[in-house]
Amino acid sequence: MSNDCNIGTVAGKFQVCGEFIFATPCGSGHINDTWCATFTQVGKPVRVILQRINHKIFRNPVALMENIERVTAHLATQESGHPDRQRRALRLVPARDGRSWSVDAEGYYWRAYGFIEGARTYDVVESSEQAYQAAKAFGRFQQLLADLPVPRLHDTIPDFHHTAKRFAALEQAIAADAAGRAILAQSEIAFALARKPITSVLLDANLPERVTHNDTKFNNVMLDDLTGEGICVIDLDTVMPGLALYDFGDMVRTATSPAAEDERDLSKVTMQFPMFEALLRGYLASAGAFLTKDEVSYLAFSGKLITFEMGIRFLADYLAGDTYYKVHRDGHNLDRCRTQFKLVASIEQQESEMNRLVMTLMSR
Ligand code: ADP
Ligand code: GN1
Ligand code: MG
């Protein structure tokens, strides 16, 4: 990992006026690396976000950045009438050569964003109001991008939410048992194999393709420090064509449980119904007008599906020897898999009630 000195070199590649002072790592993402860099401009501190793209996972960073250029420009136009427009869409800071990215000596692609002040992200949801605000912001994000001009965005990772292919990858990982860990994950493997039929449900449902975020973790929306409003959706690497339900499902996965994604005490992991209700109300407040009846009918299911999908992705990576997600301790991916499966079980217990709530809210 680069130190502050190298970060200073990287920072110098972007069109930031002022003198670089220092940078600190920020965020808890599993793929890219993020720093907050502070500059002084006429004696005043100015902050910029610098991100190093993991090109082993995002194989075509130039296409990815083209997507982000188009998406951020469109959002900026859509928000141009808002008094707080500067904080409501990510703003790319161009590199000195005018491109939206810069390549370092090791071949890593970097980008810079203006820092959104007076707002922050949370790894774990603290209140139903936060869940409501996050869901409303992600729904609004989909709504604002509904009229993104052609061409179709690049698929930055093909088949990203193709759950059936994710399941096939798990089956391969079990068969290969590359790290000799299958013996340590027998109950998780059994849990996964028993649920294969759910993996094709959305794929077979003939739902409309939309521009979606595809990584709507609760910590990918910035909530205003004063008002609590979800003001800006961040982490745009996977914005591409997808199903609206992938986004709603990932909100259920990350904003209904009071436990961290890697919590070891599974008794803390549970789908809290009031959080689901808040997500539903928030999402319908901004996306309700364009969702089809079919999409609405799968809202509760999508929470179960995307949580299951994440569980099998973590399990497959554990079995493969931790080659995809950053890990910070032994068994980290297995711990993550366990929280996901515990949450799936909790959703299964409440799914009928969740569906009833969807129908009640829609019939009003
Ligand atoms: P990752 O893919 O690693 O999750 P994110 O784009 O989500 O990367 O950024 C990581 C963290 O950096 C976020 O959780 C947020 O706290 C902070 N961050 C990202 N972009 C901005 C921004 N424009 N302004 C302020 N903070 C930001
Ligand atoms: C990864 O890096 P991060 O935390 O934004 C992953 C998402 C998962 C998430 C699980 C490109 O996102 O799909 O939902 O971890 N991103 C990629 O926490 O695989
Ligand atoms: Mg993120």
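Ligands are counted one by one from 1 in listed order, and the atoms in each one are counted from 1 as well. Atoms considered below: every heavy atom in the structure, side chains included; atoms not considered: hydrogens, waters and symmetry mates.
- There is no path of hydrophobic side-chain contacts, each under 4.5 Å, that joins V48 to Y113.
- The protein atom (non-hydrogen) at minimum distance from atom 20 (N) of ligand 1 is I49 CG1, 3.8 Å.
- Of all atoms in ligand 1, numbered sequentially from 1 with element shown, those under 4.0 Å from a heavy atom of G114 are 22 (C), 23 (N).
- A salt bridge is absent between R52 and E106; no separation between the charged side-chain nitrogens and carboxylate oxygens falls under 4.0 Å.
- Remark: E229 does not engage R87 in a salt bridge, criterion side-chain N to carboxylate O under 4.0 Å.
- For ligand 1, the polar-atom distance check against Q51 finds a nitrogen or oxygen pair separated by under 3.5 Å.
- The environment of E348 atom CD is dense: over 12 non-hydrogen atoms of other residues, nucleotides or ligands sit within 6.0 angstrom.
- Salt bridge absent: E66 and R70 never bring a charged side-chain N and a carboxylate O closer than 4.0 Å.
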Apply side chain to side chain contact (heavy atoms under 4.5 Å, CB included) to F248 and L291, showing your working. CA-CA 12 Å; F248 187 74; L291 293 176; over 6 Å; no

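- At a heavy-atom cutoff of 4.0 Å, ligand 1 is contacted by no atom of H30, backbone or side chain.
- We find that D235 and K217 are not joined by a salt bridge, their nearest charged nitrogen and carboxylate oxygen being 4.0 Å or further apart.
- To the nearest 0.5 Å, atoms CD1 (I157) and CE (M240) are separated by 6.0 Å.
- A side chain to side chain contact (heavy atoms under 4.5 Å, CB included) with C232 is found for one member of L90, D84, L75 and no other, namely L90.
- Counted by atom type alone, Q51 and T34 present one or more donor-acceptor pairs between their side chains at under 3.5 Å.
- Within the 4.0 Å heavy-atom criterion, both parts of I116, backbone and side chain, lie near ligand 1.
- Near T34, with a cut-off below 4.0 Å to any heavy atom, the atoms of ligand 1 are 3 (O), 8 (O), 9 (O), 10 (C), 12 (O).
- The distance criterion of under 3.5 Å between nitrogen or oxygen atoms is met by N220 with respect to ligand 1.
- Inclusion of D235 in the set of residues having an N or O under 3.5 Å from an N or O of ligand 1 is warranted.
- Atom 12 (O) of ligand 1 has as its closest protein heavy atom C26 SG, 3.4 Å.
- Around CD of E19, the count of heavy atoms belonging to other residues, nucleotides or ligands within 6.0 Å does not exceed 12.
- At most 12 non-hydrogen atoms from other residues, nucleotides or ligands lie less than 6.0 angstrom from CG of D330.
- Distances below 4.0 Å separate heavy atoms of I234 from the following atoms of ligand 1: 7 (O), 13 (C), 15 (C), 19 (C).
- The nearest heavy-atom contact from the protein to atom 16 (O) of ligand 1 is T121 OG1, 3.0 Å.
- Below 4.0 Å from some heavy atom of L90 lie the following atoms of ligand 1, by number and element: 23 (N).
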When you pair each N or O of ligand 2 with protein N or O atoms, which pairs come out under 3.5 Å?
residue: ligand 2; atom: 2 (O); partner: H30; partner atom: N; Å: 3.0
residue: ligand 2; atom: 2 (O); partner: I31; partner atom: N; Å: 3.3
residue: ligand 2; atom: 4 (O); partner: H30; partner atom: N; Å: 3.3
residue: ligand 2; atom: 4 (O); partner: K217; partner atom: NZ; Å: 2.5
residue: ligand 2; atom: 5 (O); partner: D215; partner atom: OD2; Å: 2.8
residue: ligand 2; atom: 5 (O); partner: D235; partner atom: OD2; Å: 3.0
residue: ligand 2; atom: 12 (O); partner: D215; partner atom: OD2; Å: 3.4
residue: ligand 2; atom: 13 (O); partner: R313; partner atom: NH1; Å: 2.9
residue: ligand 2; atom: 14 (O); partner: R253; partner atom: NH2; Å: 3.4
residue: ligand 2; atom: 18 (O); partner: H30; partner atom: NE2; Å: 3.2
residue: ligand 2; atom: 18 (O); partner: K217; partner atom: NZ; Å: 2.7
residue: ligand 2; atom: 18 (O); partner: E261; partner atom: OE1; Å: 3.1
residue: ligand 2; atom: 18 (O); partner: E261; partner atom: OE2; Å: 2.6
residue: ligand 2; atom: 19 (O); partner: R313; partner atom: NH2; Å: 2.8
residue: ligand 2; atom: 19 (O); partner: Y324; partner atom: OH; Å: 2.5

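- Close approach of ligand 1 to G27 is summarised as follows: ligand atoms under 4.0 Å from at least one heavy atom of the residue are 10 (C), 11 (C).
- Side-chain atoms of R336 and Y318 form no donor-acceptor pair, as typed in the model, at a separation below 3.5 Å.
- Atom CZ of R96 has more than 12 heavy atoms from other residues, nucleotides or ligands within 6.0 Å.
- In this structure, T38 contributes its side chain and I21 its backbone to no donor-acceptor pair below 3.5 Å.
- Under a 4.0 Å criterion applied to the non-hydrogen atoms of N219, ligand 1 contributes the atoms 14 (O).
- Protein N/O/S atoms closer than 2.8 Å to the Mg ion (ligand 3), listed by chain and residue number, are N220 OD1, D235 OD2.
- A salt bridge links K196 to E171: at least one charged side-chain nitrogen sits closer than 4.0 Å to a carboxylate oxygen.
- Residue contact annotation: R120 has no non-hydrogen atom under 4.0 Å from ligand 1.
- A side-chain donor-acceptor contact under 3.5 Å links R85 to the backbone of H82.
- Looking from atom 3 (O) of ligand 1 to the surrounding protein, the closest heavy atom is G29 CA, 3.3 Å.
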